[in-house]
**Student:** 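Right, I'll just put the structure down here and ask away after.
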Amino acid sequence: MKPQEPIPHNYEMRKLHLIFALTSLGLLLVTGIMVGYDYVRGWKWFQLEFNRLQEERIQQELKAKDDAATKKRLAELDREMKEGQVEIAKNRDAYVEAQKVFDQWEGKHYAADQDYRFAKATLDAQRYIVELSVVQHRHDVPEQQRKYEELLKKVNDLNLRLQQATRDRDAASARVDKFLTRIKELEDHKKEITASIELLNKQLEAVSPKSKRMVLNFPMLDFINPTLKIDQVVLNDLFIDMNYMSVPRVDRCQTCHRAIDRPGFESKKEAERLAQELQTALDRNLILPAKRAETEERVASLRRLVDAPREIQNPFRTHPKLDMFVGSASPHPLLEYGCTVCHRGQDRATEFGRAGHTPMSLRMERRWEKVKFGLMPGPWDYKQRNWAYAVNPFLETPMYPRQYTEAGCLKCHAGQVEVRDGEKINKATHLVELYGCHACHKINNWRFTGLQKPGPSLEGIAEKTSPAWAVRWISNPNHFRPTTRMPSFFYQRNMIGPAVPANERAQNIKYQDAEIHSIVQYLFDRSTRRTWTPGPAGDAGRGKQLVESIGCMGCHIAQDTVKDEKTGAVRVARRDDFPIERHFGFNLTGVGTKTHAAWIYNWVKNPKAYDRLAPMPSLRLSDSEAADITAYLMTLQKPKFMEEPLRPPNASAIRELAKGYLINTMTDTDADAKLRSMTIREQMIYLGQRSIEKYGCYSCHDIKGFDGLKPIGTELTTEGSKTLHLFDFGFAHSYDHEDGKKEHILHNVPSWIYNKVRSPRIYDDERTKPYNDKLKMPNFHLSEEEARLVTMVVLGLTKEKVADARIAGHDPGMHAIEEQRKIISQRNCRGCHVINHSGRAIASMISDTNFLPPDLTPQGGRAQSPWLFNFLKDPTVMKIRPWLSVRMPTFGFSDHDAATLVAGFAAEGNEPQFDTKRFETMPQQNVAVGREVFTMLRCTQCHSTTPVDPANPPTPNVADAQSLAPNLTLSKLRLRHEWIADWIRRPGEMIPDTRMPANFPRDAQSGGFKSPLAGAIDTPAFAAHKAALLPYFENEEALRKTMSDAVALTNYLRDYIWSIGIDQMRSAGSGPETPAPQPQPTAPAAPALQTGEVERRPLRAPDAGGRSGRRSTTNTRR
Amino acid sequence: MSLRKYFSLLFAFMLVFAVACGGGKEVVDDDQGEDDGALQTSDTSGTAAASAAPAAAAPAVADAATINGLVKFEGAAAKMPTLQMGADPFCASQHPTPPPDEEVVVGAGGELANVIVWVKNAPAGPAPTAPAVLDQRGCQYHPHVSAVQVGQTIQIKNSDSTLHNVHAMPKINSAFNEGQPIKDMVAEKKFDKVEVEPFRIKCDVHGWMKSFMVVLPHPYHSVSQMNGTFSIANLPPGTYTLVAWHEKYGRQEQQVVVGAKETKQVNFTFKG
Amino acid sequence: MTFLKNFVNVLSVASISFVLLSAVFAFIVYFNLLNGRLKSKGGIGFIILGVILFVAGLFATPLLYLSVAYFLCLWGCVALGPRLWEKKVGLWLLIGGSAGFALSLLDPNFFLIAAKPDNVPIGAMIFLLGIFTWIALRKAYINDSQMALGGIPFEKKETNEKLFVWPDLVYTEMLCMIILTIVMIVWSVGLRAPLEEAANPTSSPNPAKAPWYFLGLQEMLVYFDPWLAGVVLPTLIIVGLMAIPYIDTNPKGNGYYSFRERKWEIGVFLYGFLVLWSFLIITGTFLRGPNWNFFGPYEFWDPNKLEPLVNIDLSELVWVKGMGMRLPKLWVIREAPGMILVLLYLGVAPLLAKGPFRRFYLKMGAPRFYVGAYLFLTMLALPIKMVLRWLFNLKYIVHIQEIFFNI
């Protein structure tokens, strides 16, 4: 058949082939790219880089390790070994012989051992067979039994043989060893020297990039067991709220932050600090003898780190304060707490940007953003530390910038007033409390509820000062008192700042004037007008001396200029020139200008008479003292302030503003009509009221007619969780702060908050708003540091949760302490006392440390609750150190507060509330021995033992007040039984700067106590004492033993002191002096109530307030 | 867009297989810094360890020099009150007439005693041999001021049959406060850090008792005697700064150059 | 008028009026074609080029210039005539479009939006639309001219020839597969999947957008009552699509490209697909920013941007503005003008049946004609409503809140 005609192809084959070739090549290439893209991860680079670093460090250590000394030692050993070899060589034959014998025996032993084991195995098998046949009632039971017996015998024989063989073998080997012993021990010696170096070498092998294991990291191979891999901790009870469910955190931070939990990679600064710390610990013998060597080694390596040429950079640094964070022995071990629970950020992320790093400064941000090639930072970027950073708008919990890291503490520690060792966060929360952020901004957690209003009551302002002063004060509080806590509401940036156009500025000033005058008008109009009877004339000099000595300066400052440390020039004082406690009361400068003698006189005598909720306690001043102090305070004048010209309020401005409020409720015409019907005074009062509402004065001050109003500010309870898009950055990017620093506003939440508190009106810049819509937050003139701290707290207030078990201050004991701490900070006890190692602001005023108020750090274990309660309620019941001029004031604690304080102290000392020993009498012998020891140690030199009236004991011999010590007859009422002995043993450890000497100093080696009487008892000087003591001991030996036993001696002393104690003491409020003489205002409606029960000034409306202190305990936990 | 990524990919590859490249100039930011200010480029040389004393070889006694000197006082010396020891009868009994305060002791020729003189920049000297003694006699410290060497044993002795307590209040070294109720008790102490700002040692039982002490890394120190003289021996030749400190009149410094075997005369003059 | 105040509105008006123009223009040309008055080739040219340019340009260049460009091109291609269908023209279109796009990328704001990983494919879609439309119509043109000379369409010819499955089919398919794989990989590596944080009900993204293929519907929500835009119209779309085979009974153009034989069908399709669907998707993707505000292609998407809400109902327009009286209480009266207007609009269909479209009416028969007509009117209603909104801030033509019925 004829062939088919060829069918033409539609395409030219060669072309297709070509395309095919090309495309498949392309495919190969892109597949490669895909794999590579999947393989290349930023963190791998970091891990490689870290390996290199480790290598470097280990090399360093190695160099340090095998120094000349070690080399020498090793050389010696080698030499000795050689000698040993020679030794052996000498009588070689004997050695060889012995060796041969040994080998033979070795062989025999081996065989015997094997036979034995096999036989035993068969025996066991046979036993089974026997049992089986017994159970199955086989007929061959007896036969099997027999077999078993035989085997048993055989095994025993073999066993004997084995033992024999073993004995012989050992004998032989002993013979051999005779030759080798020396060499052996030399080798061991060598081992233990080189051990640490060996270890280091091993580590070196592991991390070196040339090590064979690197092969495991190649693409496709890396699924087996790569050395570079993601490192993570799973935290089940520190969950992330995923809106629909709470999922456990999975922190992968160590994937890049390799060294975070391993010491040896500290920054120079941290290394320096740590080395110092450890060194002092070593010096003070606080390190266990066992640990000493290694600690010294550590210090050495730290010093090497400090001297190293290159600083170790993040992400490769060790976490600072490993003993507090991250370290496995710390309270926050990495495996339990991870990282993101404190630092926040995206826990699972392994890329710089996605992890939510937040720059702490513009400079940092600029550097981070830079990166040469998009995908991830390469070596070149790494050197410059650029991370291809970009703000991740979706991230709900970006990391805290470094300066705010402590904000994370609040997540678990919000139930605490003080976090242990948390200086920053404690100061921060204290600042928030002091400046009263919580007054205007509701912060609904335990720490910031149930606090008193930060400002004084204005319900009696007319009795205290004049409108002229008030107007000037409100207009610019700082001008009158540079250190005041009262913020500036008026004439701020968004009213008269540079950005405001001139004509608008003029208008604003008019308005502000009007508001100020109206507010004052309202306040004075509503004020009570009691008249206060002036006191007798006093002596200013004595007054000054009193003010400085009796304790006023614990809460007050009386200067508004200071000498600059650096320049030495005198400049206007700043708040941070003084301890924070001393801002609790107002700055006394200019008080004479502000108010008048009669008021001061009555106020200092009894503050509660003027304002029943005044935080100022009564110092129980006598009339003459009060008069002197008044005289002194009246000398603190600022006449210039009052001479400054006052702009009279502009009537039209008042009208316009008032109308602005009126037309919210009525039409324009009606408003005009109403205004026309009002006198200018009425208009002002109306406007004043509205302005007080507008600015929220009532949130900090008690003002008539504003009870129960909600605080004016935004609630901050979960401010830290607000996402970026909820913050209005306005148009401001950077500005020059009033204190001259240029501030930049980064586009992140912390920066926004910081600049808000630093310059509250900044976000109004370049914005056109109606007058009443402008930002109202007042300017606290916070220093950079203050602003940063406040921001820290705000950032810490999040809605993130952790398991209850993780919340600090959760258990009742802790909580008792916290409740107490709250009152302590509310009453500013730290102004005078040291509590838990911090406080005593007054110290700077009292030159001689001997006359300072007591350190209450060990108070918990020290004082008996009944006494403490009594004393708190009424300090006059007992004078422990009558020679002190500082006075414990009468705070008028409510029973509840006093009880809370007492309970807190007890809990702090891990002591039961009550000391049952109180009612026991000590055995006669103890007392007698105690008395002898007491005299031998010459305690009487300082301590009096003659009973006195607790309320006013005599002050013995004032000529030499330094050497005075409390009268010991008061101890039984006051001190806990156990504590006395403990105190005698280690006073310096309880209160570092105490004057009580350590009569039983610690022994550096044993850490025990040495007794001075140990040897002395036999000296002729003590013969009499010895005679007196002997009857109480069976023999001299026992006596000597006791005399050298510090603990026993202190116990005797304790019992003696107990025996001389008096049992009677006036109970609070019953005595002659209390309540302090009451000045009664001679006017209608004086609400001055007897100082007895006085609550703290409530933050909310009084109805809620009175018991708020108590309530706070209930509403703490979410 | 995708091109850029593509490039970076290539580099990423290089990056992973690149064995880390050390050296090269690098910008180092002190990331421990509190604020922007701390983000300056910090020199990487490293801060010297605080307590690293200049380790010099022990001085060759062969050509050791000696500094002798006299401390004079010009102007009206503050009149010292007498110490009221009434509080402790024993102390009172120790002194027929109540002794004056030892703060300022000026001799007939205006020589000033109780001035600590030491070499500021001397090499760390030989280890101390004899212990320093601080004696409490007649309810006063002897010596009233003293200088000791780091690690030197200090024997604190109570020669009175009354209670003394030695309350040392150094800033750098660790403080202690020990009672000595028994006559002839001796407490041995050491200070292991240099402390050139003289600190106070007091007795809380007897308010008037005080003594001052400096801790130096070397033995080149002396205290002016009643006749105002002092002497520092075995000093290796070199250029030094001599420091003289007085409890009331503060400190003075002087440059001094001493050659081998030389004996230099250096005088200090304090003004009232 | 408002749109004078707002530049963006002007742009939008230009663009939309331009869409309609192109549609209207298309019709004029059709009529002329029917009467053979205009050269077919050129005529088709006008429409197609108009559409393509519009779609491509809408994205690539500012709308205002776009309309100008459009008319220039229009007259250009009248002169161009048949040469429009040469291969290289398509190439130029592609190059031109890309060039415009590339140039625009230089603008940071434009880049920000166009380069968003999830927007890139939509950008690509625009080109593909343009190019494929062009190719299809090119083939159609070739066939038409063939048939005009009494020949048969290319596809018909093809069916008579024989070809090997291998290599002609399988080989090429495989090549396509490979190339496609490459493209996909490069794409997936080059553009990271835009993953975001875990969903959080309390903080929704701004703007909150529907998946890209629904952006058309979301855009409609701006102009129509949710009930209408969300339920009725989508239903109509589906029903309409299902109805096509029953309405379109034209047997011609099966299995081969031809325009002349299916002028109406293709015209309507292009209008519905390109203008109503694609254009709205593009608007929704590239021109709708935070708070669903309208942003020009080169405008920065500022979340703080505020647009005055001054929309007004027809009733208010008539009674309050027009007659200066208060709104009648009774809604029947109040909404009368609106309802009348709507009825008139729907009443057009029968008129057409009697009038110019009589021929179709006879050919298709009443049911088909009316169904088709009403579907078409609904399609036309959207742009009309849009223009009314943009020009007169008209909110609803009929607004009866009493029974929740708004148009």
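A quick note: this is a predicted structure, and the numbers were derived from the prediction, not measured. So that the names make sense, note that chain A is the first sequence line, chain B the second, and so on, each numbered from 1.
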**Student:** Taking side chain as everything from C-beta outward and backbone as N, CA, C, O, which of these in A:M214 sits under 4.5 Å from a heavy atom of chain B? Side chain, backbone, both or neither.
**Tutor:**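 A:M214 has no heavy atom closer than 4.5 Å to chain B.
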
**Student:** The criterion is ring-ring contact (aromatic ring centres under 6.0 Å, His included); which residues satisfy it with A:F934, sequence neighbours excluded?
**Tutor:**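 Residues passing ring-ring contact (aromatic ring centres under 6.0 Å, His included) with A:F934: A:Y1056.
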
**Student:** What closest approach, in Å, do A:T994 and B:N177 show between heavy atoms, and which atom pair accounts for it?
**Tutor:**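 The answer is O-ND2, 3.2 Å.
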
**Student:** Going by residue number, which parts of residues 148-158 of chain B are within reach of chain A, meaning a heavy-atom gap below 4.5 Å?
**Tutor:**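 The stretch does not come within 4.5 Å of chain A.
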
**Student:** Would you indicate whether the side-chain heavy atoms of B:H206 and A:Q941 approach each other to under 4.5 Å?
**Tutor:**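 Heavy-atom side-chain distance check passes, below 4.5 Å.
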
**Student:** My understanding is that only residues two or more places apart in sequence, or in another chain, count here; which of them pass ring-ring contact (aromatic ring centres under 6.0 Å, His included) with B:H167?
**Tutor:**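 With sequence neighbours excluded, B:H167 shows a ring-ring contact (aromatic ring centres under 6.0 Å, His included) to no residue whatsoever.
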
**Student:** Considering residues at least two apart in sequence or located in another chain, which fulfil the ring-ring contact (aromatic ring centres under 6.0 Å, His included) criterion with A:F50?
**Tutor:**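 Partners of A:F50 by the ring-ring contact (aromatic ring centres under 6.0 Å, His included) criterion, ordered by chain and then number, come out as A:F265, A:F316.
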
**Student:** Of all the heavy-atom pairs spanning B:P181 and A:N999, show the shortest one and how long it is.
**Tutor:**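 Between these two residues, the closest heavy atoms are CD-OD1, 4.3 Å.
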
**Student:** Is chain B contacted by the side chain of A:F1022, its backbone, both, or neither, given a heavy-atom distance below 4.5 Å?
**Tutor:**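 Side chain of A:F1022 only, per the 4.5 Å heavy-atom cut-off to chain B.
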
**Student:** Tell me, do B:D204 and A:P997 make a side-chain contact under 4.5 Å, heavy atoms counted?
**Tutor:**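 Side-chain contact under 4.5 Å: no.
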
**Student:** Any heavy-atom pair between the side chains of B:S161 and A:R938 that's under 4.5 Å?
**Tutor:**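 Yes, side chains in contact.
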
**Student:** Which atoms of B:K190 come close to chain A, meaning under 4.5 Å heavy atom to heavy atom: side chain ones, backbone ones, both, or neither?
**Tutor:**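 For B:K190, no heavy atom lies under 4.5 Å from chain A.
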
